[in-house]
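This report concerns only the one structure given below.
Residue numbers begin at 1 in each chain, while the letters A, B, ... track the order of the sequences.
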Number of protein chains: 2
Amino acid sequence: MTEKPLILVTNDDGISAPGLRTLISVMNSIGEVVVVAPDSPQSGMGHAITLDSTLYAERVYMDDGPQIEYSCSGTPADCVKLAIRELLDRKPDLCVSGINHGSNSSINVIYSGTMSAAIEAGIEGIPAIGFSLLDYKWHAHFDASKKYVKTITKQVLKNSLPNGIVLNVNIPNISEEHVKGVKICRQAKANWVEEFDKRKTPQGKDYYWLSGKFVNLDDGKDTDEWALEQGYVSVVPIQFDLTAHQFIKNLNTWNLND
Amino acid sequence: MTEKPLILVTNDDGISAPGLRTLISVMNSIGEVVVVAPDSPQSGMGHAITLDSTLYAERVYMDDGPQIEYSCSGTPADCVKLAIRELLDRKPDLCVSGINHGSNSSINVIYSGTMSAAIEAGIEGIPAIGFSLLDYKWHAHFDASKKYVKTITKQVLKNSLPNGIVLNVNIPNISEEHVKGVKICRQAKANWVEEFDKRKTPQGKDYYWLSGKFVNLDDGKDTDEWALEQGYVSVVPIQFDLTAHQFIKNLNTWNLND
């Protein structure tokens, strides 16, 4: 096969995000690239899909690169669905999402629009990777990410991924020479402890801003949090069969039919 | 302990949904009930959270029941976070979400606001159950659900659930005498094949409606889809550690550090 692989690129920070632009530039060196990305930021959208309103997708020209680009009014999962069913001529060989501005390690994977796009592609049987850099800033330094994004992408194209598994890749926010390499990890048991900032509107009505502290409860040295703290790029294979198979036997001893 | 269990009730169809009202009536017979539910329908919201806008929660009085109720401007996951951190005096003993108008079996768990609320409670270490009836209609018949909702809830309060596991319960849309009982299942491998309905605005701009066909690719007799087709209530234990542990060994053989 000499045909270049067809790579679908998306994200959740929106089509103009520097992280997406970096990802496109790396993918242009590997394959034929089609971008279908949200027209505005969609962080924290989880696996939301648009059921009750209309979707728009418009061809756009963001730079001089060879990629084809569409800006879409929907969520990251909508972008992937629309790309596969309507906008692409053939099934892509790969879907990459990101590079997210901010971590999607540990429990963040649940809230992540970046990862929901990768998971949506996985559901469609397309090998998929979500990439995130541990820097929330719009003008984060994505240059050090390029090498790892390229290596991991090429390995996925070479080895493929089993059905039902996608990769969650997080990159530490340190300069390239300090990155120690890549570690395969499990998702750390960590969560957010929310602190709601309670305020009053000028009219005297209570409202809240969601904020919180991230708490890592897991001291395992095989977790993504540990790897990132040590200066490694973390790669967690994740699945969308959520069944807790190990608990089925126990549940069968409960009296649920009384 | 003679104190009644504190039960947090939420959903994704909104505070006035008949499915929620049914769930509240059953929970009132089991414990002390606090409802924190979205002020409008949130179906398909997945695990979305509100990061970039304000949240409101208002005490409301929907009927003559003993429960305390709040209507919240956020997503189902927001409702659970806000309930735990701001609105409740103590940590609830249980969180129940639903009864959803429509199935959350198999891959639907990924897109489900109902299940995201249960998962959010699970992340907080609270035993949690999501209930769904296989009937999308607003005036679905929830009466047959009551018996199973009550039994399963009481068993969860009695046996508790391990950390990291919540229950996804789906109820077939048949009359109570035809329900064969409860089956513990795994999530079926099924997905949606989207069909976008492409239209033009009065101004001539293309837009899309998302619709699709549900396709079950799994002929196992231990799946939720099978159980529901046979007339059973399906109970799938689900986890939010998404790590595909079984693939880590294989991934470690890849050349990701070249």
For this session: Measure distances from K154(B) to the heavy atoms of chain A and classify the residue's part below 4.5 Å as side chain, backbone, both or neither.
Result: neither
For this session: Count the heavy-atom pairs under 4.5 Å between each of W254(B), F240(B), Y148(B) and chain A, then report the option with the highest count.
Result: W254(B)
Exercise. Relative to chain B, which segment of E86(A) carries a heavy atom at a distance below 4.5 Å: side chain, backbone, both, or neither?
Worked result: side chain
Exercise. Chain A heavy atoms under 4.5 Å from W209(B): which part of the residue, side chain, backbone, both or neither?
Worked result: side chain
For this session: Identify which of L210(A), V235(A), D206(A), D222(A) forms the greatest number of heavy-atom pairs closer than 4.5 Å to chain B.
Result: L210(A)
Exercise. Considering all heavy atoms of both residues, which atom of T243(B) and which atom of Q187(A) are nearest to each other, and what is their separation?
Worked result: OG1-N, 2.9 Å
Problem set entry | Per-residue contact mode, I165(B) against chain A (heavy atom under 4.5 angstrom) | side chain
For this session: Would you mind telling me which of S116(B), A57(B), S53(B) has the largest number of heavy-atom pairs within less than 4.5 Å of chain A?
Result: S53(B)
For this session: Check W192(B) against R85(A) and note the closest heavy-atom contact, atom names and distance.
Result: O-NH2, 4.0 Å
Exercise. Any side-chain heavy atom of T151(A) sitting closer than 4.5 Å to one from N255(B)?
Worked result: no
For this session: Identify which part of L82(A) has an atom lying under 4.5 Å from any heavy atom of chain B, answering side chain, backbone, both or neither.
Result: both
Exercise. Is a donor on one side and an acceptor on the other found under 3.5 Å between the side chain of E194(B) and the backbone of D78(A)?
Worked result: no
For this session: Sort S73(B) into side chain, backbone, both or neither according to what part of it lies under 4.5 angstrom from a heavy atom of chain A.
Result: neither
Exercise. E195(B) versus chain A, heavy atoms under 4.5 Å apart: side chain, backbone, both or neither?
Worked result: neither
Exercise. I107(B) versus chain A, heavy atoms under 4.5 Å apart: side chain, backbone, both or neither?
Worked result: side chain
Exercise. What option among D241(B), V109(B), N159(B), N250(B) has the most heavy-atom pairs under 4.5 Å with chain A?
Worked result: N159(B)
For this session: Give the intermediate values and the outcome of side chain to side chain contact (heavy atoms under 4.5 Å, CB included) for residues F247(A) and I184(B).
Result: CA-CA 10 Å; F247(A) 191 59; I184(B) 313 300; over 6 Å; no
Exercise. Between the main-chain N or O of G181(B) and the side-chain N or O of N257(A), is there a donor-acceptor pair closer than 3.5 Å?
Worked result: no
For this session: Would you check, one step at a time, whether the test side chain to side chain contact (heavy atoms under 4.5 Å, CB included) holds for N168(B) with L242(A)?
Result: CA-CA 10 Å; N168(B) 182 16; L242(A) 304 190; over 6 Å; no
Exercise. In terms of heavy-atom pairs under 4.5 Å, which option from V236(B), I110(B), L167(B) contacts chain A the most?
Worked result: I110(B)
Problem set entry | chain B contact via K183(A) - side chain, backbone, both or neither, heavy atoms under 4.5 Å | neither
For this session: Using modelled atom types only, decide if a donor and an acceptor are shared between the side chain of T54(B) and the backbone of Y207(A) within a distance under 3.5 Å.
Result: no
Seminar exercise, completed: Okay, V156(B) and chain A: the region with an atom under 4.5 Å from a heavy atom over there is both
Exercise. Between T75(A), I123(A), I84(A), which shows the greatest number of heavy-atom pairs under 4.5 Å with chain B?
Worked result: I123(A)
Seminar exercise, completed: Residue from K158(A), K205(A), H245(A) scoring the most non-hydrogen pairs under 4.5 Å with chain B is K205(A)
For this session: State whether F196(A) and K81(B) meet the cation-pi test: NZ (Lys) or CZ (Arg) under 6.0 Å from the six-membered ring centroid, and within 45° of the perpendicular axis.
Result: no
For this session: Go through the atoms of V193(B) and report whether side chain, backbone, both or neither lie under 4.5 Å from a heavy atom of chain A.
Result: both
For this session: Please report the shortest heavy-atom distance between C185(A) and I248(B), naming the atom on each side.
Result: O-CD1, 3.7 Å
